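Input: a single structure, listed below in structure tokens.
Predicted, not measured: the structure shown is a model, and the values here were computed from it.
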Amino acid sequence: LQISPFISSLPKVELHIHIEGTLRPPLRWTLAQRNNIPLQFKDQTYKTYEELLESYQVTYNHRPELGGRKDVPTFLEAYFAGCEVLLQEEDFYDLAMDYLKRCQEMKVRYVEPFFDIQAHTRRGVAAEAVLNGYLRAQREGAERYGVKSQWIFCFLRDEPVEDGEAVYETALPWATCNGGYGLFHAVGLASNAYERPPILFKNAFARARADGLHLTTHCDFGQKDTHEHIRQAIFDVGVERIDHGLDALDRDELVEGLRTRGIGLTLCPHAYHRRTATEALFPKLRQLLDKGVKYCVNSDDPVYMHDVWIDGNQEKAYNYGGLSKAEMVQLGRNAVDMCWADEEVKKSIY
Ligand code: HPA
Ligand code: ZN
């Protein structure tokens with residue numbers, strides 16, 4: 001995917017990226033050596049770097065009748081397998097610094113990365129190692145690369161709610177509120193949404209709101225019960241943004257809810273394009289504009305999605321969505337508008 005000079009030149013704000021989805025193979029290999037961790041998935045071990053690279057060919061499911069494969073990981077399995085090399089504070093720091101450097105190359109000026117702390121604490125990693133590693137990178141990344149960041153704590157929605165609430169309690173001193181260290185300013189929901197509607201986390205969200213944090217949730221494109229998840233997010237939980245949420249287009253009351261409450265969507269076109277035909281997908285970007293639904297273009301998990309980053313996603317929106325240069329600039333402004341940075345930071349971006 002070639003990035004045009006126009007897309008390259010745009011200053012960018014990234015609002016939908018999972019930091020653990022930016023762990024590039026060279027760093028993963030290095031961390032595996034450093035921590036003496038075998039690189040593996042189920043009964044397969046990746047003994048060489050080339051074998052590791054092959055493991056990034058993921059499948060959507062393990063059911064051959066649905067076009068899936070039994071022998072390769074699903075996207076989320078590959079993502080969590082990648083996490084296994086992250087153990088020490090230094091590892092989380094290195095991961096985040098590698099990503100913030102990548103941001104500088106793409107003219108990303110400000111980013112709100114998601115982090116899945118439970119993906120680490122459930123493996124026995126100390127929450128402090130994760131939080132301090134990311135905190136140090138937040139500070140040094142801003143200085144060294146000129147990329148500011150405010151992070152988003154994600155509950156793993158397919159884990160028990162109480163587990164997430166307990167980790168949240170541990171992490172709260174690292175939040176922006178109550179004179180905290182200032183790493184994260186929002187909470188969200190990530191991982192497998194199957195039968196895990198946002199309403200299950202209603203109290204956890206209410207608590208975060210009471211703590212002064214912002215709220216968002218994934219409502220994955222094409223997910224079972226996606227319309228009900230979006231409805232709950234808008235009307236029952238009262239989130240300020242929705243991550244994906246593209247299926248709202250199917251229902252007038254959802255479009256109306258997004259519009260009247262000013263809830264923007266953080267879209268990741270390539271994530272949908274992996275499993276949706278161009279003609280079925282990209283007209284939706286135009287429809288959202290026509291209906292007055294605010295959205296911005298983001299990347300999700302670049303390393304596990306064919307190495308397509310925010311610039312590649314914007315390139316796809318530009319080329320396949322038939323958007324004009326002025327509209328692409330407007331989408332960039334939408335991201336500034338939708339982000340939760342301080343006003344001075346916002347002014348410094350565009
Ligand atoms: N979807 C849901 N949860 C996730 C993802 C995703 O793409 N990446 C990391 N957690
Ligand atoms: Zn996501």
- Task: Keeping the roles fixed (side chain from N334, backbone from Y295), state whether a donor-acceptor pair exists under 3.5 Å.
- Result: yes
- Task: Would you check if the side chain of K148 reaches a backbone N or O of R109 as a donor-acceptor pair within less than 3.5 Å?
- Result: no
- For K347 and E344, what are the C-alpha separation, side-chain angles and deciding distance, and is it a salt bridge (charged side-chain N to carboxylate O under 4.0 Å, His left out)? CA-CA 5 Å; K347 283 205 199 88; E344 318 97 80; over 6 Å; no
- Item | Pairwise distance CG(D91) to CG(N35) - rounded to 0.5 angstrom | 4.5 Å
- Task: Taking atom CG of D71 as the centre, report whether more than 12 heavy atoms of other residues, nucleotides or ligands fall under 6.0 Å from it.
- Result: yes
- Sequence neighbours excluded, which residues qualify as ring-ring contact (aromatic ring centres under 6.0 Å, His included) partners of W340? H185, H214
- Salt-bridged, E159 to R122, with N to O below 4.0 Å? yes
- Query: What is the ring orientation for F201 with F155, classed by angle as parallel under 30°, tilted 30 to 60°, or perpendicular over 60°?
  - Reply: tilted
- Query: How many angstroms lie between atom CG of D243 and atom CD1 of I17, to the nearest 0.5 angstrom?
  - Reply: 12.5 Å
- Query: So, are R34 and E90 salt-bridged, with charged N and O less than 4.0 Å apart?
  - Reply: no
- Message: Please enumerate all residues that pass ring-ring contact (aromatic ring centres under 6.0 Å, His included) together with Y168, with sequence neighbours excluded.
- Response: F153
- Item | E128 side, atom CD; L135 side, atom CG - distance, nearest 0.5 Å | 12.5 Å
- Under 3.5 Å donor-acceptor, Y99 side chain and L95 backbone: no
- Message: L23 vs Y79, test: side chain to side chain contact (heavy atoms under 4.5 Å, CB included). Steps then yes/no.
- Response: CA-CA 9 Å; L23 175 57; Y79 170 90; over 6 Å; no
- Task: Apply the test salt bridge (charged side-chain N to carboxylate O under 4.0 Å, His left out) to residues R207 and E169: give CA-CA distance (whole Å), side-chain angles for both, the deciding distance (0.1 Å), then the verdict.
- Result: CA-CA 10 Å; R207 166 72 200 279; E169 208 69 49; 2.8 Å; yes
- Which pairs, with at least one residue in residues 306-334 and sequence neighbours excluded, count as a salt bridge (charged side-chain N to carboxylate O under 4.0 Å, His left out)? R286-E327
- Between the main-chain N or O of R196 and the side-chain N or O of R157, is there a donor-acceptor pair closer than 3.5 Å? yes
- Message: Checking the side chain of K12 only, and the main-chain atoms of L10 only, is there a donor and an acceptor separated by less than 3.5 Å?
- Response: yes
- Message: Between the side chains of E228 and R231, is the shortest nitrogen-to-carboxylate-oxygen separation below 4.0 Å, so that they form an ion pair?
- Response: yes
- Query: So, does S8 use its side chain to make a donor-acceptor pair with the main chain of P5 at under 3.5 Å?
  - Reply: no
- Would you check if there is a donor-acceptor pair between the side chains of E143 and Y145 at a distance under 3.5 Å? no
- For K70, does the NZ atom sit with more than 12 other heavy atoms under 6.0 Å from it, leaving out its own atoms? no
- Evaluate whether atom NZ of K202 has more than 12 neighbouring non-hydrogen atoms of other residues, nucleotides or ligands under 6.0 angstrom away. no
- Item | Straight-line distance of L258 CG to I242 CD1, nearest 0.5 Å | 5.5 Å
- What orientation do Y318 and F6 show, parallel under 30°, tilted 30 to 60°, or perpendicular over 60°? tilted
- Query: Which value, rounded to the nearest 0.5 Å, describes the distance between I310 atom CD1 and C103 atom SG?
  - Reply: 8.0 Å
- Item | Spatial distance of atom CD1 (I234) from atom OG1 (T260) [nearest 0.5 Å] | 8.0 Å
- Message: Between Q150 and A341 (side chain of the first, backbone of the second, donor and acceptor by atom type, cut-off under 3.5 Å), is there such a pair?
- Response: no
- Note on the structure: In short, V297 meets L331 closest at the heavy-atom pair CG2-CD1, 4.0 Å
- Residues at least two apart in sequence or cross-chain that pass ring-ring contact (aromatic ring centres under 6.0 Å, His included) with F75, listed by chain then number, are none
- Message: When you measure from the side chain of R123 to the backbone of C83, do you find a donor-acceptor pair of N or O atoms at a distance under 3.5 Å?
- Response: yes
- Message: In the structure I gave you, are the side-chain heavy atoms of V125 and I117 within less than 4.5 Å of one another anywhere?
- Response: no
- Query: Which heavy-atom pair separates I230 from C219 by the least distance, and what is that distance?
  - Reply: CG1-CB, 3.7 Å
- Query: Are W151 and Y134 close enough that their ring centers fall under 6.0 Å?
  - Reply: yes
- Task: State plainly whether the residues R24 and D98 are in salt-bridge range, i.e. N to O under 4.0 Å.
- Result: yes
- Please confirm whether the backbone N or O of D116 pairs with a side-chain atom of E20, one donor and one acceptor, at under 3.5 Å? yes
- Report yes if some heavy atom in the side chain of P302 is under 4.5 Å from a heavy atom in the side chain of V308; otherwise report no. no
- May I ask you to test the E14-M106 pair for a side-chain heavy-atom distance under 4.5 Å? no
- Would you say the side chain of E112 lies within less than 4.5 Å of the side chain of S149, judging by non-hydrogen atoms? no
- Between V187 and C154, is any pair of side-chain heavy atoms under 4.5 Å apart? no
- Just wondering, more than 12 heavy atoms not from D290 lying within 6.0 Å of its CG? yes
- Which heavy atom of G292 sits nearest a heavy atom of R259, and at what distance? O-CG, 3.3 Å
- Item | Under 3.5 Å donor-acceptor, R251 side chain and H227 backbone | no
- Query: Could you walk me through whether L52 and L39 pass the side chain to side chain contact (heavy atoms under 4.5 Å, CB included) check?
  - Reply: CA-CA 8 Å; L52 175 67; L39 289 167; 4.1 Å; yes
- Item | Y320/H273 aromatic ring centres below 6.0 Å | yes
- Item | Heavy-atom pair with the smallest gap, counting every atom of Y93 and R144 | OH-NH2, 3.7 Å
- Task: Dump the intermediate steps for side chain to side chain contact (heavy atoms under 4.5 Å, CB included) on V13 and V111, then the final yes or no.
- Result: CA-CA 6 Å; V13 165; V111 51; over 6 Å; no
- Message: Does either side chain, that of N298 or that of T266, offer a donor lying less than 3.5 Å from an acceptor on the other one?
- Response: no
- Message: I'd like to check L246 versus L281 (side-chain heavy atoms, cut-off strictly below 4.5 Å). Are they in contact?
- Response: yes
- Task: Indicate yes or no: does E240 engage R209 in a salt bridge with an N to O separation below 4.0 Å.
- Result: no
- Item | 4.5 Å side-chain heavy-atom contact, F221 and T276 | yes
- Query: Taking it one step at a time, do I7 and M328 satisfy side chain to side chain contact (heavy atoms under 4.5 Å, CB included)?
  - Reply: CA-CA 9 Å; I7 295 294; M328 291 307 299; 4.2 Å; yes
- Message: I'd like to check the ring-ring contact (aromatic ring centres under 6.0 Å, His included) partners of H218; sequence neighbours left out, ordered by chain and number.
- Response: H16, H18, F114, H244
- Task: Just grab all the side-chain hydrogen bond (donor to acceptor under 3.5 Å, both in side chains) pairs involving residues 38-64, residues at least two apart or on different chains.
- Result: R28-Y56, H62-E77, R63-E65
- Taking the side chain as every heavy atom from C-beta outward, state whether I37 and L87 have any pair of such atoms under 4.5 Å apart. yes
- Message: If only side-chain N and O atoms count, and only distance matters, is there a donor-acceptor pair under 3.5 Å linking S299 with N313?
- Response: no
